[in-house]
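Side chains included, hydrogens not; waters and symmetry mates left out as well; all remaining heavy atoms used.
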Amino acid sequence: MAAELTAPELIAKHRPTLDQALEAIRTRAYWSPHPEHPKAYGEDGSLDAAAGKAAFDALLGNRLDLTDQPGVDDWVGEEVSPYGIELGVTYPHADLDVLLPAMRAGQRAWRDAGAELRAMVCLEILKRISDRTHQFAHAVMHTSGQAFMMAFQAGGPHAQDRGLEAVAYAYAEQVRTPGTAEWTKPQGKRDPLALAKTFTPVPRGIGLVIGCNTFPTWNGYPGLFASLATGNAVLVKPHPRAVLPLALTVRIARDVLAESGFDPNLVALAAERPGEGIAKTLALRPEIKIIDYTGSTAFGDWLEANARQAQVYTEKAGVNTVIVHSTDDYQGMLSNLAFSLSLYSGQMCTTPQNLLIPRDGISTDQGPRTFDEVTADLARAVDGLLGDDARANALLGAIVNPDVKARLEAAAGLGEVALASREVTNPEFPDAVVRTPVIVKLDGAKPDDEAAYMSECFGPVSFAVAVDSVTDAAELLRRTVREKGAMTVGAYTTDAGVEETIQEVCLEESAQLSLNLTGGVYVNQTAAFSDFHGSGGNPAANAALTDGAFVANRFRVVEVRREA
């Protein structure tokens, strides 16, 4: 096929961005090429707010074609927005026996293109996604239930940053070994031994990305771009309730691949019929050599145990903990925690669940506070943050599925309620289910309470757990991370010894720790190129987004040597 985007053009356009990304992952300093503010879009070919909304609206009720993706045997799709809108978009359903062989056909040319050109093609895909950030924001909002601004940022520039970060790590790992080497071994008086050697990064095969409902792009892009940049084809299997953002991604990727002279079938979509459940079928196909999954612990464990032919990367559930020992900014601590508990109705894998507080209370810059006072003050902080319904809707978004609502309603029966959840009306979307968080007080010394706080309660549910001492809190933290896993840990203390104790627990149990956050950075947020999302060292996830280990095993280096 004729290339409209030549290799020199792609390299000239995107090599500076890749170099900046490589420097960012080396220094871990702040950097992003993707603007966070909606008003930054509308020039240089990008869609502004009105054009992005119009582009989203144009999708509703129509087929989303994928430029001749092979094996189409049906059109499927029943997405309903958590805000009450029936999207009506349908997607090609694939006969896997036709699609998977077609995906393998273009892999040789993609492998032979080399690490740099593959990275440039990936960056062109990301640039085109970035240009349509306003359209993607509506697609993410109406499949995940995120409020618009969060969908814009987390589903747009932050997701694009994570994809670019994966490309940078993939490139760095592939060029770690030189492409060629001249090998000479002295033999004393005899002629030296001389070999010419070549080293080629070879992809594993087809990567499978199993998408999630809550963060389809943010969680989907790292695996997608890590596999593609290392030479693999990628099959994207979205969550049935959040197909649209990833289907748009696949369409853009296929267009860029074709325009760059590669087989568009290197990226394909696997949409499913209602109740079909093709994830297990796909996961066991011999063609699938890499799996990226975000979702429940049960299915993540099943993948790790059963998809033996594939390299499996999972992000599963965990029980995130914050230890509250002392603070020199009590109001800042309360405000920070209130925002962390409220953002996206707690429907984040990084949201704090257990707040471990000594039953004798804590010391603060406003004097001592008892356990009951801390929980009451935190409840008032959440109430104050969400007291205005317009602000509440902008922070909470919508409940993504009935299971979250059921857990929220059941939580009130688990203990003494420090903060009751209330219903919030969204005037723009009256069918949206919007609820404020609930905080329940439990006793860490009571075995009957343990079943509640030692299980993940995904959604706007938090437990204020009374513990006998900060030593007990640290040990409970250790046991929680070891047994249940954690994506995040937070702590508040003014005592250097306590800080060291908590830090040591997190180092030993491989949990990412945030200390004394009282400003505009929150425990449930991570920045690409600097923060690691998960560690891969505790049960919540077997990989980190993103590091060298996340990309290095997606390819192998194959050597060819010959007499010089």
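Taking the six-membered ring for Trp, Tyr313 and Tyr293 have ring centres at least 6.0 Å apart. When ring centroids are compared, Tyr83 and His142 come within the 6.0 Å threshold.
Partners of Gln311 according to the side-chain hydrogen bond (donor to acceptor under 3.5 Å, both in side chains) rule, which considers only residues two or more places apart in sequence or in another chain, are Asn553. Listed by chain and residue number, Glu86 satisfy the side chain to side chain contact (heavy atoms under 4.5 Å, CB included) test with Val80 (two or more places apart in sequence, or in another chain). Considering only residues two or more places apart in sequence or on other chains, Glu416 meets the side-chain hydrogen bond (donor to acceptor under 3.5 Å, both in side chains) condition with Lys441. Evaluation of the side chain to side chain contact (heavy atoms under 4.5 Å, CB included) rule for Lys405 yields Ile399, Glu409, Val433, Arg435 as partners, not counting sequence neighbours. Take Glu450 and apply the salt bridge (Lys or Arg N to Asp or Glu O under 4.0 Å) test, not counting sequence neighbours, and it matches Arg479. Remark: Ser469 pairs with Thr471, Asp472 by the side chain to side chain contact (heavy atoms under 4.5 Å, CB included) rule, at least two apart or across chains.
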Requested in this report: Check the pair Val202, Val557 against side chain to side chain contact (heavy atoms under 4.5 Å, CB included), reporting the backbone distance first and the verdict last.
Outcome: CA-CA 6 Å; Val202 174; Val557 176; over 6 Å; no

Requested in this report: Would you sort out whether Ile439 and Val417 count as a side chain to side chain contact (heavy atoms under 4.5 Å, CB included), showing the intermediate values?
Outcome: CA-CA 6 Å; Ile439 301 175; Val417 175; over 6 Å; no

Requested in this report: Walk me through it: do Gln174 and Tyr169 pass the test side-chain hydrogen bond (donor to acceptor under 3.5 Å, both in side chains)?
Outcome: CA-CA 9 Å; Gln174 289 174 96; Tyr169 272 104; over 6 Å; no

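In the model, Arg285 has no side-chain atom that pairs as donor or acceptor with a side-chain atom of Gln309 under 3.5 Å. Of the N and O atoms on the side chains of Glu499 and Tyr492, not one donor lies less than 3.5 Å from an acceptor on the other residue. The closest side-chain donor-acceptor pair between Thr327 and Thr364, if any, does not fall under 3.5 angstrom. Thr230 and Asn232 form a side-chain donor-acceptor contact under 3.5 Å, judged by distance and modelled atom types alone. Asp161 and Tyr221 share no side-chain donor-acceptor pair at under 3.5 Å. Between the side chains of Arg162 and Thr526, a donor-acceptor pair is found at a separation under 3.5 Å.
Between atom CG of residue Asp360 and atom OG1 of residue Thr370 there is a gap of 10.0 Å, rounded to the nearest 0.5 Å. Taken to the nearest 0.5 Å, the CG atom of Leu341 stands 5.5 Å off from the CG atom of Leu378.
No cation-pi contact links Arg26 to Phe529, judged by a cut-off of 6.0 Å to the six-membered ring centre and 45° from its axis.
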Quick one: side chains of residues 315-323, donor-acceptor pairs under 3.5 Å with protein atoms, not counting sequence neighbours, listed by atom name and distance.
residue	atom	partner	partner atom	Å
Glu315	OE1	Asn219	ND2	3.0
Glu315	OE1	His533	NE2	3.1
Glu315	OE2	His533	NE2	3.4
Lys316	NZ	Asp301	OD1	2.8
Lys316	NZ	Glu304	OE1	3.3
Lys316	NZ	Glu304	OE2	3.2
Asn320	OD1	Met487	N	2.8
Asn320	OD1	Thr488	N	3.0
Asn320	ND2	Cys349	O	2.8
Asn320	ND2	Thr351	O	3.0

Pair up each side-chain donor or acceptor in residues 510-517 with any protein partner under 3.5 Å, not counting sequence neighbours, and list the distances.
residue	atom	partner	partner atom	Å
Gln512	NE2	Gly534	O	2.8
Asn516	OD1	Thr493	N	2.9
Asn516	ND2	Thr493	O	3.2

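In this structure, the side chains of Phe136 and Leu244 stay at 4.5 Å or more apart for every pair of heavy atoms. Taking the side chain as every heavy atom from C-beta outward, Leu235 and Leu99 approach each other to under 4.5 Å. In this structure, the side chains of Ile25 and Glu165 come closer than 4.5 Å at one or more pairs of heavy atoms. Side-chain contact between Val438 and Leu419 is absent, with no heavy-atom pair separated by less than 4.5 Å. Taking 4.5 Å as the limit, every side-chain heavy atom of Asp383 sits out of range of all side-chain heavy atoms of Leu385. Residues Met103 and Leu266 have side chains not in contact (no heavy-atom distance under 4.5 Å, counting atoms from C-beta outward). Using a 4.5 Å cut-off on side-chain heavy atoms (C-beta onward), Phe555 and Glu173 make contact. Pro539 has its side chain out of reach of Glu483: every pair of non-hydrogen atoms, C-beta onward, lies at least 4.5 Å apart.
Under the 4.0 Å criterion applied to side-chain N and carboxylate O atoms, Glu79 and Arg241 are not assigned as salt-bridge partners.
Among pairs with a residue in residues 509-522, those fulfilling salt bridge (charged side-chain N to carboxylate O under 4.0 Å, His left out) read Arg478-Glu509, Arg482-Glu509, at least two apart in sequence or across chains. A ring pair (Phe, Tyr, Trp, His ring centres under 6.0 Å) check over residues 432-470, counting only residues at least two apart or in different chains, returns nothing. Sorted by first then second residue, the salt bridge (charged side-chain N to carboxylate O under 4.0 Å, His left out) pairs that include residues 529-558, not counting sequence neighbours, are Asp292-Arg554. Sorted by first then second residue, the salt bridge (charged side-chain N to carboxylate O under 4.0 Å, His left out) pairs that include residues 336-359, not counting sequence neighbours, are Arg359-Asp443, Arg359-Asp468.
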